[in-house]
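Throughout, a chain's letter reflects where its sequence line sits, starting with A, and its residues are numbered from 1.
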Number of protein chains: 2
Amino acid sequence: MSHLINVSEAASLALHGLTIVAQQSPNKVNSKYLAEKLDASEAHLAKIFQRLSKSGLIRSFRGPTGGFMLNKPAEEISFLDIYEIIESKIILNDCPLDKAGCPFENCIFGDALKNISYNIYQTFENIKLSDFTK
Amino acid sequence: MSHLINVSEAASLALHGLTIVAQQSPNKVNSKYLAEKLDASEAHLAKIFQRLSKSGLIRSFRGPTGGFMLNKPAEEISFLDIYEIIESKIILNDCPLDKAGCPFENCIFGDALKNISYNIYQTFENIKLSDFTK
DNA sequence: CCTATTTCGGTATTTTAGTACCAGAATTAT
DNA sequence: ATAATTCTGGTACTAAAATACCGAAATAGG
């Protein structure tokens, strides 16, 4: 199993949800609000934000008036950060076949997969939470 | 389910197997030979080549002395062709969320996903079966 | 013909990703 | 204290992708 890259609903919800959190800053935002706003499952959003919280990207508060807020400036949070937390994988990748048994001395893919990964890396890093707070 | 892109073992085996077929051209190559050469499951390879055959990329011959051969010059077959047959999906993609319920007027991803897709498209198209027959 | 070989096509199994659920712990306000 | 609210963490469920299997059909050679 060797995903070069994919954008799940979870990763996209995280980006959208966090952007809303950034917009509401410094107020806290809870998952019920986010679910309504994004027209998405609250259970799902809660799980996603749990992971974001655990990673340190955001802070969480329980109880009434509880919710989530960013743990650093919106300018310093990129979709790359979010992607790696939610998909919990690194983008860089190469041929999924076992190199030991491969009859080709030089990989057929050459640098293609690495180049693609690099492009993705750069692109994701340029998407910042602050893009929609101005 | 919205895979931006992924390279499965199947797609990679197809590329490797077809390159071997190209190298042996104009001789036919059977799946047993490919399985041994690539140190892979014959059943799996057979299934992959069945799909390649059905798509018209290669021709197949049953019975003793049977096997597979390219249906057009190696220079004209790219990994993009192979990828789209095996993964049976197009690379171009955008935000996996339902646009109707999205509160953001302008998509947060902007052109990022399209740009990445375009890059992948170009890169895969530049990988030709003939790369390893010279 | 008869047999050995090889692909074909359908299906079954396995694995993994993705999503949803629920009881429990923490917090706030009354 | 009590009740209401909200996150937490483990788990269960669903769906889909990826791989493996197997009987049937086709072909070539003796």
Side-chain angles (χ1 to χ4, degrees), chain A residues 1-14 17-18 21 27-36 38-69 71 83-89 96-98, chain B residues 1-14 17-18 21 27-36 38-69 71 83-89 96-98:
Chain A
M1 190 69 23
S2 149
H3 282 103
L4 180 57
I5 182 170
N6 68 320
V7 176
S8 66
E9 183 180 336
S12 186
L13 279 175
L18 286 173
V21 172
N27 295 325
K28 282 172 283 191
V29 176
N30 66 40
S31 46
K32 189 181 176 191
Y33 175 84
L34 289 173
E36 280 169 9
L38 292 172
D39 193 23
S41 144
E42 184 180 346
H44 194 192
L45 265 168
K47 176 60 74 190
I48 292 166
F49 270 69
Q50 186 183 321
R51 298 180 67 183
L52 294 171
S53 168
K54 228 176 160 183
S55 78
L57 206 63
I58 58 178
R59 295 196 59 188
S60 64
F61 304 88
R62 296 188 187 185
T65 79
F68 303 95
M69 55 188 298
N71 207 12
Y83 178 85
E84 293 193 330
I85 292 165
I86 299 300
E87 311 281 359
S88 62
K89 26 184 134 101
L97 300 184
D98 181 25
Chain B
M1 191 68 28
S2 149
H3 282 105
L4 181 57
I5 182 171
N6 69 321
V7 176
S8 65
E9 184 179 333
S12 187
L13 279 176
L18 286 173
V21 173
N27 297 325
K28 283 173 281 189
V29 176
N30 66 38
S31 47
K32 189 180 175 191
Y33 175 84
L34 289 173
E36 279 168 11
L38 291 172
D39 194 23
S41 146
E42 185 181 346
H44 193 193
L45 265 168
K47 177 59 76 190
I48 293 167
F49 270 70
Q50 185 182 323
R51 298 179 67 184
L52 294 172
S53 167
K54 228 177 160 181
S55 79
L57 207 63
I58 58 178
R59 296 194 58 188
S60 64
F61 303 87
R62 295 190 189 184
T65 78
F68 303 95
M69 53 187 299
N71 206 12
Y83 178 86
E84 294 193 331
I85 292 165
I86 298 300
E87 310 282 358
S88 64
K89 24 184 135 99
L97 299 183
D98 181 27

Using atom types as modelled and distance alone, determine if a side-chain donor or acceptor of [X] lies under 3.5 Å from a backbone N or O of [Y].
X	Y	result
B:Ser55	B:Leu52	yes
A:Lys28	A:Thr65	yes
B:Glu87	B:Ser8	yes

Could you state the atom-to-atom distance from [atom1] of [X] to [atom2] of [N] in whole Å?
X	N	atom1	atom2	result
B:Arg51	D:dA18	CZ	P	10 Å
B:Leu34	C:dT7	CG	C1'	13 Å
A:Ile48	C:dA20	CD1	P	9 Å
B:Leu52	C:dC8	CG	C1'	14 Å
B:Leu13	D:dA20	CG	P	9 Å
B:Leu97	C:dG18	CG	P	14 Å
B:Leu45	C:dT7	CG	P	10 Å
B:Tyr33	C:dT5	OH	P	19 Å

Just N and O in the side chain of [X]: are any of them under 4.0 Å from OP1 or OP2 of [N]?
X	N	value
B:Ser41	D:dT19	no
A:Gln50	D:dG9	yes
A:Ser8	C:dA17	no
B:Thr65	C:dT5	no

Closest to the [X] side chain: [options]?
X	options	value
B:Ser31	D:dT19, C:dG18, C:dT7	C:dT7
A:Pro64	D:dT5, C:dC8, C:dT19	D:dT5
B:His44	C:dT19, D:dT19, C:dG9	D:dT19

Starting at the 5' end of DNA chain D, which residue's closest nucleotide do you reach first, B:Ala10 or A:Phe61?
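Nearest nucleotide further toward 5': that of A:Phe61.
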
Evaluate the side-chain proximity of A:Ile85 to A:Leu57: yes if any heavy-atom separation is below 4.5 Å, no if none is.
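A side-chain contact exists here, since the closest heavy-atom pair is under 4.5 Å.
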
Most 5' of B:Val29 and A:Lys47 on DNA chain C, judged by nearest nucleotide:
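It is B:Val29 whose nearest nucleotide is closer to the 5' end.
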
Kindly say whether, by distance alone, the side chain of A:Arg62 makes a donor-acceptor pair under 3.5 Å with the base of C:dA25?
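Between C:dA25 and A:Arg62, which were checked side chain against base, a qualifying N/O pair under 3.5 Å is present.
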
Quick one: does B:Lys54 reach the base of C:dG9 with a side-chain donor-acceptor pair under 3.5 Å?
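Side chain to base: no pair below 3.5 Å.
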
By the 4.0 Å heavy-atom rule, please label [X] as base, sugar-phosphate, or nothing.
X	result
B:Lys32	nothing
B:Glu87	sugar-phosphate
A:Phe68	sugar-phosphate

Given B:Asn30 and B:Phe61, is the side chain to side chain contact (heavy atoms under 4.5 Å, CB included) satisfied, shown in steps?
CA-CA 9 Å; B:Asn30 66 38; B:Phe61 303 87; over 6 Å; no

